[in-house]
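No hydrogens, no waters, no symmetry mates; every other heavy atom, side chains included, goes into these values. The structure presented is a predicted model; accordingly, all values stated were derived computationally and were not measured. Residue numbers begin at 1 in each chain, while the letters A, B, ... track the order of the sequences.
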Amino acid sequence: MSQRTMVEALNLALHQAMEHDDRVVLLGEDVAKTGGVFRVTAGLLDRFGEERVVDTPLAEAGIIGSAIGMAVYGLLPVVEIQFDVFVYPGFEQIVTHAARYAWRTKGEVPASLVIRIPFGGGVRAPELHSDSPEALFVHVPGLKVVCPTTPNDARDMMLAAIEDPDPVIFMEPKRIYRAGREEVSDELPFALGNGDGRYNEVLSKARVAREGDDLAIITYGPTVPLTIQAAERLAQERGVQARVVDLRSLYPLDVDAIVEAASTCGRALVVHEAPRTAGLGAEVSALIHERAILDLEAPVIRVTGYDVPFPQFANEDDYLPSVDRITAGANKVLDF
Amino acid sequence: MSQRTMVEALNLALHQAMEHDDRVVLLGEDVAKTGGVFRVTAGLLDRFGEERVVDTPLAEAGIIGSAIGMAVYGLLPVVEIQFDVFVYPGFEQIVTHAARYAWRTKGEVPASLVIRIPFGGGVRAPELHSDSPEALFVHVPGLKVVCPTTPNDARDMMLAAIEDPDPVIFMEPKRIYRAGREEVSDELPFALGNGDGRYNEVLSKARVAREGDDLAIITYGPTVPLTIQAAERLAQERGVQARVVDLRSLYPLDVDAIVEAASTCGRALVVHEAPRTAGLGAEVSALIHERAILDLEAPVIRVTGYDVPFPQFANEDDYLPSVDRITAGANKVLDF
Amino acid sequence: MSEILRIIGDGKEIPDAGVPDGLSDKDLVEMYRWLVLLRTFDERAVALQRQGRIGTYALYWGEEATQAGALYACAATDWVFPSYRQNSIGILRGVPAATVLAWWRGFGGVHGFWNPREHRVAPICVPIATHLPHAVGLAWAAKIKHESTASLTWFGDGATSEGDFHEAMNFAAVMKTATVFFCVNNQWAISTPIHKQMATATIAEKGAAYAIPAIRVDGFDPLACWKATKEALERGRAGDGPSLVEAYCYRLKAHGTADDPRLYRDESEAGRWMHLEPVGRMAGFLKRLGIMTAEEEESIRAEAKESIAAAVKEMESIEQPGREILFEHVYASGRPWTFDEGLAELEGVERPPEVKPLGPPTGAGAGEEGKTQ
Amino acid sequence: MSEILRIIGDGKEIPDAGVPDGLSDKDLVEMYRWLVLLRTFDERAVALQRQGRIGTYALYWGEEATQAGALYACAATDWVFPSYRQNSIGILRGVPAATVLAWWRGFGGVHGFWNPREHRVAPICVPIATHLPHAVGLAWAAKIKHESTASLTWFGDGATSEGDFHEAMNFAAVMKTATVFFCVNNQWAISTPIHKQMATATIAEKGAAYAIPAIRVDGFDPLACWKATKEALERGRAGDGPSLVEAYCYRLKAHGTADDPRLYRDESEAGRWMHLEPVGRMAGFLKRLGIMTAEEEESIRAEAKESIAAAVKEMESIEQPGREILFEHVYASGRPWTFDEGLAELEGVERPPEVKPLGPPTGAGAGEEGKTQ
Ligand SMILES: Cc1ncc(C[n+]2csc(CCOP(=O)(O)OP(=O)(O)O)c2C)c(N)n1
Ligand SMILES: Cc1ncc(C[n+]2csc(CCOP(=O)(O)OP(=O)(O)O)c2C)c(N)n1
Ligand SMILES: [Mg+2]
Ligand SMILES: [Mg+2]
């Protein structure tokens, strides 16, 4: 047992997966010698050698496309995209190939790869280092999209994503990479490679991050800790107990957990950092209304980033959903 | 006056825009000599010469990126993407550059270009020629996204898109390119280049494609004619008058028209061909519930493509929202 | 412009060179059989399209040498990555011709796709140049596993303009993967001639940007294609990395069945190249060498005709797949709940009439639309 | 490996060549002034970052010749397209240094951006190689308008791996645009050395793939950079199309202020290149020629220091922009309704405390995060 940050937990998972299965290889810009700009892959080159941990040329389509070819040959590549926005040069490979390889091969040859994308703002980074592109992947059939929020989830979900035969877009909220530590056991959370499909469960279920029956707040990634803070404030300020649902899986959404929370509470709020229009919040809102409108005392509303380019960082806190904004949104739902 | 298909109406608009303003240039694969694989740009090479109508090398990032550079120098490029899916190699240029050029230059140098994308299924095309990627662009701040459904709208909106200083993603529903003709006047629909911002109105307003007060059906592009047919059937079969709203503008959405229709009718359905999850239907549904839940007698539901790769064409009619499926969806809302 | 490797003459001005080392008479006849099988498939597919029995089809008439010659040089364990233009290459590797025809007929799932691992033939790639990185990744993976598998990928002259071509070439060169980049330079990308595609006179010159050795061959000559590929594969397997082969030829026919080349080029130009087309040329060569009799030739043709006819029959016996096919094989890990919902919705309505290859559903200018690949 | 153009010696083993035609003494001193201004900006920016007064910064210490030398060759009407590495190139074209500093301080809008048309300097480009097609499009547009404007774009050795490099080079070659592709080959892309980036020994070799003439120059030598660029621009303006300049140098310092090169390279290697750095070298050259006195040198330095100090002051006088800045300048055609909603929501809550360059909002490992560009 040790206290680990999310970065360390991811690093642990990669060590464990590579140890367990020599088909696992890591590719990306600066992932080997330096261990990645966020150090998620630190130490892996020394441990597993330069055939399996590769500093690639600077070309995202080349990286993702090569990884697809490797997967076709039976390897299990884990790709790092250096920052959110830099996935776009490789977008074509993801949409027309990674997402469709299983389908195009009668299910025989899925593109078994994991694409790790550190994403989101709040780290005072220069332009184009703070985007939240997850909804784009959620809209593309054939992908799984996940986002852990705690060190333990990060570890478990990374192991599951590597086990999963389908391509997994693994969104890493860079703002909470080192935001806190928790006990993460060295023990494997489930037996690897025993074909019991445990990965499926780890990758498809939401988590109740805070219990409550008065208001459901559905969120994921960097806004989870903020939402919990807002929930505490609501408890103090008006005695309202908000249930915070951390989605973890963005595709497929855990519709049962979402609808149950909304139905039980009768009121729901969705929170995310990405721009609002056609973001994941719209999907969650639509799902809840479609299935539980009669249980609702108020419409589901959304607290999100705005429909604008992520601002230069002196104004990023104006853009980001804050505890204040989440609380205000919650009050709106509660006072409807 | 003459009877024109959408293809002919677009062609007319391009002729008119190029005639009026010599900053307008056309770029794309096979747009010049053959006039494009759909013949939208036919005759323009002969009329305006090969400096202004260019068969480019086969590289979408190169085309869109060059067009951005041209716009920076003051030209008004209109780019053709040959088929929906082939926009992805140029996605990076659209998201990080076209969408942000105005913002990144204090509003002084918007990327004034139009990116034409023939999209959608129903034409018995081979794999990867039938996608509907519009929601991806709608989620990217800084773009306008529009989709005409009639020849007149196609003409007017193309002229407006070229006038508009912002980058416009111009979605062309290939299934109705030649599906019908209507009178399209040779007269300009509005005075070009007189700075009265008329383009803004043409590009941001939905259209009521069929009047009715019992059920609002909100849709756009290839599903508009099908929705009108479904509405006729509903009128016949159960005396229900459905109002069909053709969105035309996908970003920004005409929220007033949408909410007014839903509020007046008390019941609403959204229809599109793209996959459901995180599609535009989710956004429309969320908007209606957020603003008009108290006026609703039933939740807004969605009739859409499924969350699967667009099928090989022998099964495309199973995938596509049909008059039957739209009617069934409408009945579900009506019988809630 | 560098010289072009050519082995088979035209029986007139152009002299024959000797049969390359490593090819027996049997090999030569077998290679001819491959050429004929491809040609037969292609001509039949065009006819089927004209009859409305399959959809738009991308023909390759005249490019058989680039396919059969290159493939013949591969070991059975080597992987090949075709574009839409090499759509039926799999039939030389055990993929049923009916499956390929079914793909063009709009069938998916088990009818129109194959298991690439079974044949070492990747799926047909539609977006230009995007399969090149896959070929690189595959050979790279083989290297990591210390296996001698090589990869070969076909693509056109137009494809060299895409960024994926560049990234794939660079990765292959840096990682020294055993990859053969086989460019079918037919001088046209739909309506765009090569001089509007690039400023170089040849494709081969592009190898220099990656320190990748390049060779130009007569793309109508199966033995030249074979020899260049063979040497490239040997180099790759020896650890010396990738090669670029430029198979210089000419697109003798339309880009696809929806394309009308008269709109953009003088068809008499194609006529001037016609005498170089590979099937007749190989037959002439074999006859000049006395390796194949007219009877053998006839029987090879008849056999091919028969086998493709059988494939057509098989393809046409496929019934329109059920609606559930939409949701099949999308995820290898199982079906998300959204699929159950979708299927339930589908099953709640009557099924639309069967989709025929031609003509959009409602009165649109049939055929005009899906104009091209 | 082709020869490297070099004009300025090191005052020891490497001899000086003659001053290239077209440069007066005044020009030489002015170019020196440019070098010093860039250097002064860069050193000051690093200091500001260390003091927590701006955010992560991408320094260019040692690469001033590639910037000043190339820019000096441009006509005032020519456009330049910088990457993040040439972030302050605009200060040589009238962009206030305060604006560039403000960009790094996280200010947007009128504070951190400029009007490219005013200075013919494109915005700082962050995604690698993606600005190259813009440079091509701009020169192409000039050609369409029958104007003689040329374009120049800087990018790194790593950038040559991206597809956009390739597509831009190809478009420029085919369209014969007057574009100079100026590659700053500093041999590193963050931690990735050039031999892991490409299999060619030089960048210049890559020109062959596009029939683009290429030249290698000493990237620490402002006059070599000037001469190569000058000739390239002349060729472009004469209608002979684009050129590739490889400015061979070495990244003497870290990739950015968040980068620690000791993790991946032996810093003594940088030491071996250090004596070639351009500012001292140019000063030595001018002194050897007797063009600049020690006093003049001193006054140039002092003037630069003063002007950058004033810029720092100006930058620091900028107040955190109001929240409405989020919604400004996104659309040139006006504000969509979503913006009004957003602003209304924002105004309904108290404003968060002012954002300082360092340290994420809640206790995260400050600085560790936004590790690099
Ligand atoms: C990324 C992408 N863009 C555009 C197309 C449309 N398209 C299909 S074939 C073709 C021309 C290809 O030319 P070339 O590479 O020379 O191959 P050939 O068709 O001659 O075999 C084009 C533009 C496509 N399939 N993919
Ligand atoms: C598309 C993209 N991918 C990744 C990055 C992250 N990144 C920033 S700088 C850099 C290295 C660039 O190296 P080079 O092109 O040699 O330029 P230099 O930094 O040496 O000036 C990388 C990988 C990026 N900015 N853009
Ligand atoms: Mg071709
Ligand atoms: Mg570099």
Give, as side chain, backbone, both or neither, the part of [X] having an atom under 4.5 angstrom from any heavy atom of chain A.
X: Glu341(C); value: side chain
X: Phe339(C); value: side chain
X: Glu118(C); value: neither
X: Trp337(C); value: side chain
X: Asp164(C); value: side chain
X: Lys145(C); value: side chain

| request: Give the member of Leu58(A), Val72(A), Ile64(A) that has the highest number of heavy-atom pairs under 4.5 Å with chain C. | output: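 Looking at each of Leu58(A), Val72(A), Ile64(A) in turn, Val72(A) comes out on top.
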| field | Over 12 foreign heavy atoms within 6.0 Å of CD, Glu19(A) | value |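 Yes, enclosed.
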| NZ of Lys106(A): more than 12 outside heavy atoms within 6.0 angstrom? |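 Check passes, neighbour count above 12.
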In terms of side-chain heavy atoms, does [X] have a donor or acceptor partner in [Y] at a distance below 3.5 Å?
X: Ser333(C); Y: Asp166(A); result: yes
X: Thr338(C); Y: Tyr251(A); result: yes
X: Glu108(A); Y: His329(C); result: no

| query | Which heavy atom of Gly65(A) sits nearest a heavy atom of His134(C), and at what distance? | reply |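 Minimum heavy-atom contact is O-CD2, 3.3 Å.
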| task | Mind listing the closest non-hydrogen atom pair of Pro133(C) and Gly62(A) along with its distance? | result |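 Minimum heavy-atom contact is CB-O, 4.5 Å.
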| query | Side chain of Arg104(A), backbone of Phe113(C): donor and acceptor closer than 3.5 Å? | reply |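 Between the backbone of Phe113(C) and the side chain of Arg104(A) there is no qualifying donor-acceptor contact (under 3.5 Å).
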| said: Leu75(A) vs Trp140(C), test: side-chain contact (heavy atoms from CB on, under 4.5 Å). Steps then yes/no. | reply: CA-CA 10 Å; Leu75(A) 298 186; Trp140(C) 181 0; over 6 Å; no
| query | Between Thr56(A) and Phe171(C), does a side-chain contact (heavy atoms from CB on, under 4.5 Å) hold up when you go through it step by step? | reply | CA-CA 8 Å; Thr56(A) 64; Phe171(C) 269 66; 3.9 Å; yes
Does a side-chain heavy-atom distance below 4.5 Å link [X] with [Y]?
X: Val330(C); Y: Arg100(A); value: no
X: Pro57(A); Y: Met175(C); value: yes
X: His146(C); Y: Glu51(A); value: yes
X: Ile144(C); Y: Tyr73(A); value: no

[X] portion near chain C, given a 4.5 angstrom heavy-atom threshold:
X: Ala59(A); result: both
X: Leu27(A); result: side chain
X: Thr96(A); result: side chain

| task | Would you mind telling me which of Cys125(C), Ala168(C), Pro116(C) has the largest number of heavy-atom pairs within less than 4.5 Å of chain A? | result |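 Looking at each of Cys125(C), Ala168(C), Pro116(C) in turn, Pro116(C) comes out on top.
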| Given the options Gly109(C), Ala135(C), Ala142(C), which has more heavy-atom pairs under 4.5 Å with chain A than any of the others? |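 The option with the most such pairs is Ala142(C).
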| request: Tell me, with the steps shown, if Met70(A) and Leu138(C) meet side-chain contact (heavy atoms from CB on, under 4.5 Å). | output: CA-CA 5 Å; Met70(A) 289 180 164; Leu138(C) 186 126; over 6 Å; no
| field | Tyr331(C) vs Trp103(A), ring-ring contact (aromatic ring centres under 6.0 Å, His included): CA-CA, chis, key distance, verdict | value | CA-CA 7 Å; Tyr331(C) 291 94; Trp103(A) 178 81; over 10 Å; no
